[in-house]
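In each ligand, atom 1 is the first atom listed, and ligand 1 is the first ligand listed.
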Amino acid sequence: MTSLAERAAELRALLHRYGHEYYVLDAPSVPDAEYDRLFRELDALETAHPELRTADTPTQRVGGKTLPEFTQVRHDVPMLSIRTETDSGPGGAENFDAKVRRDLGLAADAPAIAYAAELKFDGLAISLRYEAGVLVRAATRGDGETGEDVTQNIRTIGQIPLRLAGVTAPVLEVRGEVYMRRDDFDTLNARQRERGEKTFVNPRNAAAGAVRQLDPRIAAQRPLSFFAYGLGQVEGWALPGSHSAMLDALVTMGIPVCADRAIAEGAAGLVAFHTAIAAKRDSLPFDIDGVVYKVDDRALQAQLGFVSREPRWAVAHKYPAQEMLTTVESIDVQVGRTGAITPVARLAPVFVGGVTVTNATLHNIDRIRQLDIRVGDTVIVRRAGDVIPEVVDVVLERRPVVAEAVDLLSPPREVPKYQPFEMPAACPVCGSHVAREEGEAAYRCTGGLVCSAQRKQALLHFASRRAMDIEGLGDKLVEQLVDVGLVRTPADFYKLGIVKLAELERMAEKSAANLLAGIDKSRSTTLARFIYALGIRNVGETTAKDLARHFGKLDALMDAATLDDQPASLAALQAVPDVGPVVAQSIRDFLQESHNREVVEQLRAAGVRWDEFEPSENLATGPLLGKTLVITGTLPNLSRDEAKVLIEAAGGKASGSVSKKTDYLVAGEEAGSKLAKAQELGVPILDEAGLLALLSPAATTET
Ligand code: IVH
């Protein structure tokens with residue numbers, strides 16, 4: 001029995017360590033499979049001998065029951081809040097420093113005060129109570145005096161240690177913020193949308209909802225994170241002399257503390273911190289609403305004390321809000337690169353996330369219907385990180401109404417002044433018919449190259465590096481060429497002359513000559529590049545290569561795509577590996593358009609040539625023959641392009657999106673939603689080394 005107990009303790013210690021490496025340090029020292037193996041061993045041991053199950057066992061992170069309601073928790077040391085500086089410019093930092101110096105009675109020439117400067121995380125405050133080093137209770141702040149016991153849900157946060165490293169003090173209450181990372185928030189919302197469930201307005205709401213979720217199994221599916229920023233009740237642990245040293249001590253115990261913190265000397269130090277964080281706010285992986293300054297020295301903190309339940313030694317210095325209310329003046333649609341028609345809200349100008357916003361994307365008609373956004377509505381606009389401003393919610397109570405008579409006897413009733421939004425039937429740019437394909441969220445203009453909004457984009461795509469690779473043909477130039485009428489179709493590039501080109505604004509004779517040389521060079525290309533350059537919807541580089549490999553000649557492809565017998569034509573296209581009904585239909589649609597076929601003929605006439613071959617000449621071989629791989633994240637040594645070349649050289653295909661047909665996902669650092677999707681679909685996941693092993697199977701065949 002003793003040896004079983006010892007083994008259980010050993011397993012718990014290992015799992016705590018590996019868990020910390022994985023969740024907090026982002027540097028696992030063992031593969032996930034090893035963690036899983038130890039976890040299963042401990043779980044089996046505990047099932048056979050329930051008396052071995054301790055409060056801090058990692059097997060119990062998820063496993064609580066649904067609660068009827070939360071138990072109230074009294075905070076022995078109240079959870080206070082802090083004052084906010086109203087001036088969000090440098091003046092805010094200067095005010096605080098001046099006030100602290102005055103409260104301490106310091107002379108003007110006394111040395112600068114050292115402050116602990118931190119981020120103000122936008123989540124919710126949580127107290128974690130450790131007794132003898134073991135997490136025994138987690139509680140929300142509530143009104144500061146009484147909160148709610150949310151231990152079951154907080155246990156599911158992998159970053160929060162169930163046992164502190166090296167501390168067995170009778171009581172150590174750690175306080176901090178539970179939050180949701182932006183990427184986790186996006187993934188969560190995408191999942192909610194897919195399941196037809198309600199989406200969350202922002203990461204803070206999503207985090208708060210998860211923490212206060214009565215069913216811990218649901219809470220466990222909401223990806224939460226945690227940063228500590230202080231302590232509550234402490235017994236039997238000697239507090240370090242400064243706030244920053246206390247946070248350092250928490251780090252050694254395995255508690256996550258944000259690395260973006262600093263000791264700032266005096267007002268100048270605070271201003272510098274505020275400015276530096278403002279500059280990186282957008283690129284942080286989570287939302288912050290400001291920074292927090294705390295007098296670092298504990299003795300000085302004690303001297304300053306509190307005023308009306310707020311410490312005099314701490315202050316919040318905010319940044320411009322990332323969410324604001326404004327009104328919808330109109331709803332327009334924009335035509336994108338592929339003809340996708342996106343509804344856009346024109347807004348009363350509002351300062352949000354540091355910029356004045358007048359437009360916000362509404363994504364698609366489903367999103368509009370879901371939120372029921374109408375002209376005249378008051379809406380919440382969010383701009384966080386580098387993302388385009390979005391309308392995330394409608395304040396329905398503020399919807400404008402008009403009185404409508406019912407009949408002569410009843411009083412008039414109030415009805416919304418504006419009707420629900422409808423997609424236009426015709427493209428606002430070219431007037432072509434607008435269509436929505438089955439299973440697609442977007443509506444599209446069917447005008448193709450007739451539509452000038454799409455034409456410029458199509459021309460740019462044609463000239464791009466991975467397509468015809470025409471050097472020197474950027475977006476400004478394409479814009480000019482189209483606007484002055486020199487270029488209408490890709491074939492027109494090959495008819496340009498030096499005289500006309502040199503007449504363009506900002507175009508010297510020399511650069512005109514260089515451009516013509518670039519155009520000339522692109523005349524000789526590969527069939528795959530040429531097919532890709534045509535910009536057929538749903539035909540990316542990989543599909544273009546497949547088509548080239550399968551058909552060998554452009555005419556063979558055109559013949560297959562334009563057969564009178566539609567089912568036979570689609571079947572011929574679907575004979576190409578990985579071409580399904582949707583892609584086949586796009587290819588047929590494109591090549592059946594006579595104006596698209598004309599462009600191809602004009603290009604041929606202008607001397608554009610590509611390699612052609614008998615399809616059988618090019619049958620691929622290699623260890624990845626017939627396999628589809630997706631690369632995501634940053635690999636340690638290979639660039640994405642290099643990895644792609646290796647995969648293709650081994651007969652495999654590198655695709656852009658994960659599906660059931662994906663054979664492997666190659667994941668590097670910062671792999672996001674594709675990794676989550678692959679895990680969901682059970683697609684095997686490789687790292688760079690795993691990929692290289694697949695490429696040279698000889699080296700790994702030993703067993
Ligand atoms: S210190 C006595 N530090 O902001 C000081 N609070 O009113 C207690 N917050 O809801 C708070 N980041 O949850 C502190 N680095 C940080 C913080 C922070 C976010 C939240 C906290 C509370 C509010 C303070």
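For ligand 1, the polar-atom distance check finds an N/O of I82 within less than 3.5 Å of one of the ligand's N/O atoms. In terms of N/O distances under 3.5 Å, ligand 1 is approached by K120. Of the polar atoms of E177, at least one N or O is found under 3.5 Å from an N or O of ligand 1, judged by distance alone. Any N or O atom pair closer than 3.5 Å counts here, and L119 shares at least one such pair with ligand 1.
Remark: the E46 side chain and the T59 side chain contain an N/O donor-acceptor pair separated by less than 3.5 Å. Between the side chains of Q192 and T199, no donor N or O sits under 3.5 Å from an acceptor N or O. Residues D297 and S242 bring no donor and acceptor atom of their side chains to less than 3.5 Å of each other. Donor-acceptor pairing under 3.5 Å is lacking for the side chains of R382 and N202. Under 3.5 Å, the side chains of E235 and Q233 contain a donor-acceptor pair of N or O atoms. In summary, the side chains of Q322 and D289 do not present any donor paired with an acceptor at a separation below 3.5 Å, with no hydrogens or angles considered.
Protein heavy atom in closest approach to atom 8 (C) of ligand 1: L80 O, 3.9 Å. The nearest heavy-atom contact from the protein to atom 10 (O) of ligand 1 is A125 CB, 4.2 Å.
Evaluated by nearest non-hydrogen atom to atom 21 (C) of ligand 1, the leading choice among F306, Y229, F121 is Y229. When R83, K294, Q301, H243 are ranked by how near their heavy atoms come to atom 3 (N) of ligand 1, first place goes to K294.
Proximity of P311 to ligand 1, defined as any heavy-atom pair under 4.0 Å, is confined to the side chain (atoms from C-beta onward). Contacts of V292 with ligand 1, taken as heavy-atom pairs under 4.0 Å, involve the side chain alone.
Proximity of the aromatic rings of F227 and Y179 is defined here by a centroid distance below 6.0 angstrom, and this criterion is met.
Close contacts of ligand 1 with S81, meaning ligand atoms under 4.0 Å from a residue heavy atom, involve 7 (O).
Annotation for Y22: atom OH does not count as buried by contact number, only 12 or fewer foreign heavy atoms lying within 6.0 Å.
The shell of residues lying under 4.0 angstrom from ligand 1, judged by heavy atoms, excludes D122.
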